[in-house]
Visitor: 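Please see the structure below; I have some questions.
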Amino acid sequence: MPSFSAGASTQKQQNYQRRRQQIREQRKSLPIASVEKRLVDEVRKNDTLIIVGETGSGKTTQLPQFLYDGGFCQDGKVIGITQPRRVAAVTVAKRVAEECNDQLGKKVGYSIRFDDSTSNATRIKYMTDGLLLREALLDPLLSKYSVIVVDEAHERTVHTDVLLGLLKKVQHSRANASKNGKTLPNVGHSQNLTQKACQGTRCAPLKLIIMSASLDAKCFSDYFGGAKTVHIQGRQYPVDILYTYQPESDYLDATLVTIFQIHLEEGPGDILAFLTGQEEIESLERLINERARLLPPESSKIWTAPIYSSLPSEQQMNAFKSASAGTRKVVLATNIAETSVTIPGIKYVIDPGMVKARAYNPVTGMESLIIIPVSKAQALQRSGRAGREGPGKCFRLFQESEFDKLVDSTVPEIKRCNLSNVVLQLKALGIDDIIGFDFMEKPSRTAILKSLEQLILLGALTDDYKLSDPVGHQMARLPLDPMYSKALIVSSEFKCLEEMLIVVSMLSVESILFFPREKIEEARAARKGFESSDGDHITLVNVYRAAAECLEKSKNANAKERTMDKALTRWCRENFINHRSLKHARDVHSQIQGHVQQMGLNQSSCGEDMALFRRCLTAAFFLNAAMRQPDGSYRALATSQSVQIHPSSGLFRTKPDCVIFNELVRTTQNYVKNLTRIDPLWLAELAPQYYATED
DNA sequence: GAGCACTGC
């Protein structure tokens, strides 16, 4: 026995040494490794540095370690690195912890919503950009950070843009604070918050590093007063770009033809085609499989793998599997494959040049999804997906002259979405002048005014645009759409917070009920069991409670957590409920419950009194009321738009006189979703400020 | 009788 165990441990030791050696070599071979000293020097010399690093440069994993070794974590200070996506924050943190030969959550950790793996010992902290914004509400000077690295800044998410504006301000405040010792200037931040944050600590200047993969670093540099820009080489194989000679009128058909052209004429390697949505993917998949049957028997086979975000995870995994010998994999993907996931084995990319994008009309306040041409940067990102493992080819299904006409980069999200949440956050950070705020790219004046107006109607702002006390402060603390935050506060007064907490949790996630085309009747029958004739909100409460009951039952049977989860998964399958969404809703529920407890809101249930709950829904969502018209259509009262009840609503057939709704989407026509029937008289009674009687 | 790019707190 002793000799055996000694052998095993020697073996283990050898494996360990080999792994360490492998990591050292991988790190040394990264393009960024050769410029470590120069980078650390530049960070020492410059308060703000822009780093342009192409894919594969190693900037995300290496730079924080260089800075740590360079002494930027002295006095317990932390290096924070923000990412636009949760999964990136987690995977990079795990990798860096391994490179540091340390347990995750010690020196290296990550923090994302619902999942915190940091400790007092954490010095290199990966997190989502939205989370850092939340931290700023509690510590406006972000005083524990010596360096903040904003990664993937070129993606220009709303969170990134707000964060950049905020960091610029924080940097000024901290620079002045350290110059003046303890007398603190008030640079936009509310005075008492700033003082509290700096009490007893010396606020050293904040180092900012903006990392971007796009070549267009000038906009970042300009924004930060001509900040120094450093370029780091990437490691990417060459990709041949091919254009069509003629314009293609039908990009779906052109994609189909190109897939078979590659399959029959090009060497081995998988294909990735970018489409705009689920419907296109499903129809192209059918077409490919029909045509694949006509291939000559001696030719190699084609295997299609769809991937888009609402596809259940097990089915998404298909796209990552390799095809069997003699078969070519064709991945049909939405934008999810552009940045969020990397699919191995891709040699050919097909880019029809279109994308489904969110659009916002600040006049009507309506968001919609429209299909538009991609930007140059996006086309570049897509073609890069062919060069991850070897030289590749990208087939752009448009002419080269069309490429030149594309916009350089995608319009930042902040210019095409509802800003209520952004404005509320900025107000809570003590930034009062929103119109004058130094955004990197300013949203339209109309959009800002629209959100200010909405926040006043919700009672978050006073008539002179100040954050109201306590409602505005409470609303800003809740990580929810402002209208949902307000609904919780209202429900506390109506004594039905328990029900409203369930409703806002369920409304905050992707759709809970799902209807597979092939089993539509079964799905409908399953929903009958939860359905309320009063409308969809109460149906959602019923679903949530039934799921909780299912979990409670298996808990009483002393089941282990895994068994409980299995029971719930099965229950979801039987009832045609999206398990991922339900789990997410339960996470949101428990997080928000913590917040409302701290705020001391009245946590009671309305019991069986659903009329009370509907009155509460009316008081909360009065801005979204619609009346039936003689022709059977509806009119949204706030905007006078003509709308229809979406067929997914339980009230689709009933057609009540008056409803409140939570979503207005424009597709083939204007649809309202998530409805509850109400008495029209309640509007004037419960929202007199808005529905003052006209006669 | 319709359908939802992708994220995030």
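Lettering follows sequence order; numbering is per chain, from 1.
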Visitor: What is the distance from CD of A:Glu280 to P of B:dC6, rounded to the nearest Å?
Guide: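 About 12 Å, once rounded to whole Å.
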Visitor: Reckon A:Phe114 touches a base, only the sugar-phosphate, or nothing at all at heavy-atom distances under 4.0 Å?
Guide: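 No contact.
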Visitor: Can you tell me how far P of B:dC4 sits from CG of A:Asn670, to the nearest Å?
Guide: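 Answer to the nearest Å: 13 Å.
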Visitor: Between A:Asp481 and A:Arg358, name the one whose nearest nucleotide on DNA chain B is closer to the 5' end.
Guide: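 Nearer the 5' end of the strand: A:Arg358.
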Visitor: Should A:Arg86 be listed as having a side-chain N or O under 4.0 Å from OP1 or OP2 of B:dC9?
Guide: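 Indeed, a polar side-chain atom of A:Arg86 lies that close.
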Visitor: Could you check whether A:Arg156 gets within reach of a base, just the sugar-phosphate, or nothing at all, counting any heavy atom under 4.0 Å?
Guide: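 Nothing: the residue A:Arg156, judged by heavy atoms under 4.0 Å, touches no strand.
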Visitor: Measure the distance from CE on A:Met475 to C1' on B:dC9 and round it to the nearest whole Å.
Guide: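 One finds 15 Å between C1' of B:dC9 and CE of A:Met475, rounded.
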Visitor: So which nucleotide from B:dC4, B:dA2, B:dG1 ends up closest to the side chain of A:Gln278?
Guide: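 Comparing B:dC4, B:dA2, B:dG1 against the side chain of A:Gln278, the answer is B:dC4.
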Visitor: Classify the angle between the aromatic ring planes of A:Phe621 and A:Tyr484 as parallel (below 30°), tilted (30 to 60°) or perpendicular (above 60°).
Guide: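 Rings of A:Phe621 and A:Tyr484: perpendicular, over 60°.
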Visitor: Looking at B:dC6, B:dG3, B:dC4, which one has an atom nearest to any side-chain atom of A:Glu279?
Guide: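 Nucleotide nearest to A:Glu279's side chain: B:dG3.
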Visitor: Rounded to whole angstrom units, what separation is found between the CD1 atom of A:Ile645 and the C1' atom of B:dG1?
Guide: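 So the CD1-C1' distance, A:Ile645 to B:dG1, works out to 12 Å.
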Visitor: Under 3.5 Å, is there a donor-acceptor pair linking the side chains of A:Lys415 and A:Tyr360?
Guide: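 Short answer, no.
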Visitor: With heavy atoms under 4.0 Å as the rule, sort A:Leu369 into base, sugar-phosphate or nothing.
Guide: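 The answer is base, as A:Leu369 lies within the cut-off (heavy atoms under 4.0 Å) of a base atom.
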Visitor: To the nearest angstrom, how far is A:Ile371 atom CD1 from B:dA5 atom P?
Guide: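 For the pair A:Ile371 CD1 and B:dA5 P, the rounded distance is 8 Å.
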Visitor: Tell whether A:Arg85 reaches the base of B:dG8 with its side chain through a donor-acceptor pair below 3.5 angstrom.
Guide: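 Looking at the base of B:dG8, it does not pair with any donor or acceptor on the side chain of A:Arg85 (distance under 3.5 Å).
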Visitor: Let me know, please, whether A:Lys673 or A:Phe652 comes out on the 5' side of the other along DNA chain B by nearest nucleotide.
Guide: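 The residue mapped nearer the 5' terminus is A:Phe652.
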Visitor: Can you tell me the distance, in whole Å, between the CZ atom of A:Arg524 and the P atom of B:dG3?
Guide: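 In whole Å, B:dG3 P lies 15 Å from A:Arg524 CZ.
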Visitor: Nearest to the side chain of A:Arg653, which nucleotide is it out of B:dG8, B:dC4, B:dG1?
Guide: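 It is B:dG1.
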Visitor: Can you see if the side chain of A:Ser309 gets near the phosphate of B:dC6 - specifically, an N or O under 4.0 Å from OP1 or OP2?
Guide: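 Yes, within the criterion.
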Visitor: Is it true that A:Tyr634 and A:Gln641 share a donor-acceptor pair across their side chains at a distance under 3.5 Å?
Guide: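 Short answer, no.
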Visitor: I want to know whether A:His154 and A:Phe220 have ring centres closer than 6.0 Å.
Guide: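 No, the ring centres sit 6.0 Å or more apart.
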Visitor: A:Thr128 side chain N/O closer than 4.0 Å to the phosphate oxygens (OP1, OP2) of B:dC9?
Guide: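 It does, given that an N or O in the side chain of A:Thr128 lies less than 4.0 Å from OP1 or OP2 of B:dC9.
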Visitor: Quick one: list whatever passes side chain to side chain contact (heavy atoms under 4.5 Å, CB included) with A:Gln378, sequence neighbours left out.
Guide: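 A:Asn335, A:Glu338, A:Val355, A:Val374, A:Ser375, A:Thr410.
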Visitor: Mind checking what makes side chain to side chain contact (heavy atoms under 4.5 Å, CB included) contact with A:Pro470, not counting sequence neighbours?
Guide: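 Partners of A:Pro470 by the side chain to side chain contact (heavy atoms under 4.5 Å, CB included) criterion, ordered by chain and then number, come out as A:Gln474.
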Visitor: Under 4.0 Å between a side-chain N/O of A:Thr334 and OP1 or OP2 of B:dC6, yes or no?
Guide: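 Answer is yes, contact under 4.0 Å.
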Visitor: Expressed as a whole number of angstroms, how long is the span from A:Glu338:CD to B:dC6:P?
Guide: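 Rounded to the whole Å, the gap is 11 Å.
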Visitor: Nearest whole angstrom, please: distance from the P of B:dA5 to the CD of A:Glu510.
Guide: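 Rounded to whole Å, this separation is 10 Å.
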